[in-house]
There are 2 protein chains.
Amino acid sequence: MNKLHAVTSSPAAPLFLDCPDCGFMAWGRRARLSARETRMFDERIEHGRLKKHHEFLHRAGAPLGTLYIITSGFLKTSISDNNGHEQITGFSMPGDVVGMEAIATGKYQCNTIAMEDTSLCGIAFAALEQLNRDIPALQQHFHQTLGAEITRDHDMMLVLGAMRAEERVAVFLLNLSRRFAACGHSATCFHMPMNRQEIGNYLGLTLETVSRAFSHLASSGLIVVNNKEVEIGNLADLQQLVRQSR
Amino acid sequence: MNKLHAVTSSPAAPLFLDCPDCGFMAWGRRARLSARETRMFDERIEHGRLKKHHEFLHRAGAPLGTLYIITSGFLKTSISDNNGHEQITGFSMPGDVVGMEAIATGKYQCNTIAMEDTSLCGIAFAALEQLNRDIPALQQHFHQTLGAEITRDHDMMLVLGAMRAEERVAVFLLNLSRRFAACGHSATCFHMPMNRQEIGNYLGLTLETVSRAFSHLASSGLIVVNNKEVEIGNLADLQQLVRQSR
DNA sequence: CGAACGATTGATTTTCATCAAGACCGGTGG
DNA sequence: CCACCGGTCTTGATGAAAATCAATCGTTCG
């Protein structure tokens, strides 16, 4: 781990800590395990996987071996239909678990690519299943994580099925904002690692429409945009825009 | 169970069988459990829940108690945004497990309503979690079922984000076709329990656009439609239409 | 039968995609 | 240093797809 992390780690270091900001350790913490269970879980974590910008974490069709959680960096995940059209199904950022869609068949359905240099921690899926059997609290937490993915996808169906362009972009920004805040960054001022093309693909829009939506939100005074840097003037106003439109 | 089932049940009746077409028993079969495990699982199934047309199976916000599987009938599941707009996230038919999106928070995120008289079997989620710990094969099967839901939602994101109206309707028909076939009905000739409004809502279209898409597919000779009755002339042709358009 | 609802079809408007041109930005090399 | 180049972003003009508005036709059900 020769990478500087923006988030500072606790000075009281737990056992087995060779990864100062380990995402899976933090994930395990949230499961409220006992000290012994925590040790069992932490022992199985593989730390320090690194993916450089543009590298694949996995490709569709590859067998599921390890679930990953992001420590730092950004990933995009996409599926492709039979003729090669790609649809981005999600962007992943620090704290997100990656690869759950492979559980159904044991093979990844998606391509997952690093959008910048990204560090990850992993846990073998078979080991996690074993731990889930031995540690009910972990099992529940894992089910919650799976369920959260389903909830997120349903929310996205609402965005794609019922919202117009500007609302979609607003929801996208609010979503990024919430997640940046959750991992210790500013909720109102951040850097988007994806380009307009990728945002448009994700939201079911063209890149031009995304650009226009940004411009219009900016001219309405709701945001300030400069390429990939965004500042949200007022979160409530942006939420209001999504709300009132229907 | 005072309802006639279209699917005929096996004459060799297993133990505990007070539900001739029990969906959960069939689901458990697919997990390839031992005889003893099968018994443990089947014992926990609650048979014979009935919901009449238009009745709620559950509402958003209610606590998750029981996961259900459909024996006969049809359900629709929808979420609503903060101003009351409803988005249908799925239609459920015999063999489908219902309620998985509640696992994340312990509360249902969705409203689920019977689209016709529907019979279900249930299993308490807490009991299923316990069984998953004791029976690895069941745990795997459950994870697969959860993962399949995620895969399905991602596929739907591709439909909503990248396809035009007629393609969406074609995908919808092909999807119904496959699932009807999977539960023993005709793949090419079936009754759709949902109306145009509901199809449109699900596909991110207006009811008029759905109606026009049906009419156009019919005039192209690909299908025959009469209200809710559909006949697909040739599955491959319909698939071709989806494929070539991009 | 008539009212109510769903489906279809047509006319018009809106939204977004497409096509096209120019601006901006960072990097490279003369 | 500055000109040039490739890529991304923005902005404008135009066209296509779907939404909206509206009328009609069938069915079903009191």
Side-chain angles (χ1 to χ4, degrees), chain A residues 53-54 74 76 85-88 115-116 159-173 191-220 223-231 241-242 244-246, chain B residues 52-54 74 76 85-88 115-116 159-173 191-220 222-231 241-242 244-246:
Chain A
H53 192 180
H54 295 133
F74 244 95
K76 69 171 175 183
H85 172 83
E86 290 263 320
Q87 169 75 34
I88 295 173
M115 304 181 71
E116 48 186 60
V159 170
L160 291 171
M163 292 186 185
R164 56 192 55 208
E166 197 168 296
E167 299 173 79
R168 295 188 202 190
V169 171
V171 167
F172 175 75
L173 288 175
H191 175 87
M192 302 182 289
M194 61 292 282
N195 63 27
R196 301 290 187 263
Q197 166 72 58
E198 290 165 326
I199 297 171
N201 181 301
Y202 178 60
L203 296 176
L205 303 169
T206 59
L207 67 95
E208 294 95 330
T209 302
V210 173
S211 178
R212 278 185 247 269
F214 276 130
S215 298
H216 188 245
L217 288 173
S219 72
S220 307
I223 63 172
V224 179
V225 208
N226 194 316
N227 269 359
K228 297 181 173 174
E229 308 300 323
V230 192
E231 184 172 354
L241 177 137
V242 176
Q244 81 195 9
S245 317
R246 324 259 89 235
Chain B
K52 292 231 168 266
H53 191 179
H54 295 131
F74 244 96
K76 69 171 173 182
H85 172 85
E86 291 261 321
Q87 170 74 36
I88 294 172
M115 304 180 71
E116 49 186 57
V159 170
L160 291 171
M163 292 188 185
R164 56 189 59 211
E166 197 169 297
E167 297 171 80
R168 296 187 200 190
V169 171
V171 168
F172 175 74
L173 288 175
H191 174 87
M192 302 181 289
M194 62 291 283
N195 63 27
R196 300 291 187 264
Q197 165 71 58
E198 290 165 328
I199 296 171
N201 181 301
Y202 178 60
L203 295 176
L205 303 168
T206 59
L207 67 95
E208 294 96 329
T209 301
V210 173
S211 180
R212 279 185 246 269
F214 275 130
S215 298
H216 188 247
L217 289 173
S219 71
S220 306
L222 290 166
I223 62 173
V224 179
V225 208
N226 194 317
N227 269 359
K228 297 180 172 175
E229 309 299 323
V230 191
E231 185 171 355
L241 177 136
V242 176
Q244 81 194 12
S245 314
R246 321 262 90 233

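Scope of the values below: all heavy atoms of this structure, side chains included, with no hydrogens, waters or symmetry mates. Because the structure is predicted, anything quoted here is derived from the model rather than measured.
In this structure, A:K228 atom NZ and D:dG7 atom C1' are separated by 11 Å, rounded to whole Å. In this structure, CE of A:M194 is placed 15 Å from P of D:dT8, rounded to the nearest angstrom. Whole-Å rounding puts the A:H216 NE2 to C:dC16 P distance at 12 Å. One can place CE of A:M115 at 12 Å from P of D:dT8, the figure rounded to the nearest angstrom. Computed from coordinates, the A:H53 NE2 to D:dG7 C1' distance equals 13 Å when rounded to whole Å. Look at CZ on B:F214: it is 13 Å from P on C:dT9, rounded to the nearest Å. A straight line from CZ of B:R196 to P of C:dT9 spans 10 Å, rounded to a whole angstrom. Computed from coordinates, the A:E167 CD to C:dT15 P distance equals 11 Å when rounded to whole Å.
Taking side-chain N and O atoms only, B:S211 has no distance below 4.0 Å to OP1 or OP2 of C:dT9. Contact between the side-chain N/O atoms of A:R212 and the OP1/OP2 oxygens of D:dT11 is not found at any separation under 4.0 Å.
Listed by chain and residue number, nothing satisfies the side-chain hydrogen bond (donor to acceptor under 3.5 Å, both in side chains) test with A:Q87 (two or more places apart in sequence, or in another chain). With sequence neighbours excluded, the residues satisfying side-chain hydrogen bond (donor to acceptor under 3.5 Å, both in side chains) with B:T209 are B:T206.
Closest heavy-atom contact between B:V225 and B:F214: CG2-O, 3.9 Å. Taking all atoms of both residues into account, the shortest heavy-atom contact from B:L160 to B:Y202 is CD2-O, 3.9 Å. The two residues A:P193 and A:E116 come nearest to each other via the heavy atoms CB-OE1, 3.6 Å. Scanning all heavy atoms of the two residues, the minimum distance from A:M163 to A:V171 falls at SD-CG2, 3.6 Å.
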Scan nucleotides 23-30 of chain D against the protein and return all N/O pairs shorter than 3.5 Å with their distances rounded to 0.1 Å.
none

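Axis deviation across the helix from C:dC1-D:dG30 to C:dG30-D:dC1 amounts to 20°, comparing end segments of five pairs, rounded to 10 degrees.
Within the structure, no pair that satisfies the salt bridge (charged side-chain N to carboxylate O under 4.0 Å, His left out) test touches residues 203-215 of chain B, not counting sequence neighbours.
With B:R168 as the fixed residue, the side-chain contact (heavy atoms from CB on, under 4.5 Å) test singles out one of B:L173, B:V242, B:V210, B:L205: B:L205.
A 4.5 Å side-chain heavy-atom check between A:I88 and A:M194 finds every atom pair outside the cut-off. The shortest side-chain heavy-atom distance between A:N195 and A:E198 falls under the 4.5 Å cut-off. B:H191 has its side chain out of reach of B:F74: every pair of non-hydrogen atoms, C-beta onward, lies at least 4.5 Å apart.
Listed in residue order, the members of residues 199-209 of chain B having a heavy atom less than 4.0 Å from DNA chain C are B:L207, B:E208.
In A:H53, the NE2 atom is crowded: over 12 heavy atoms of neighbouring residues, nucleotides or ligands sit closer than 6.0 Å.
The base of C:dT15 has none of its N or O atoms less than 3.5 Å from a complementary donor or acceptor on the side chain of A:R168. Donor-acceptor pairing under 3.5 Å, judged by distance alone, is absent between the side chain of A:R164 and the base of D:dT20.
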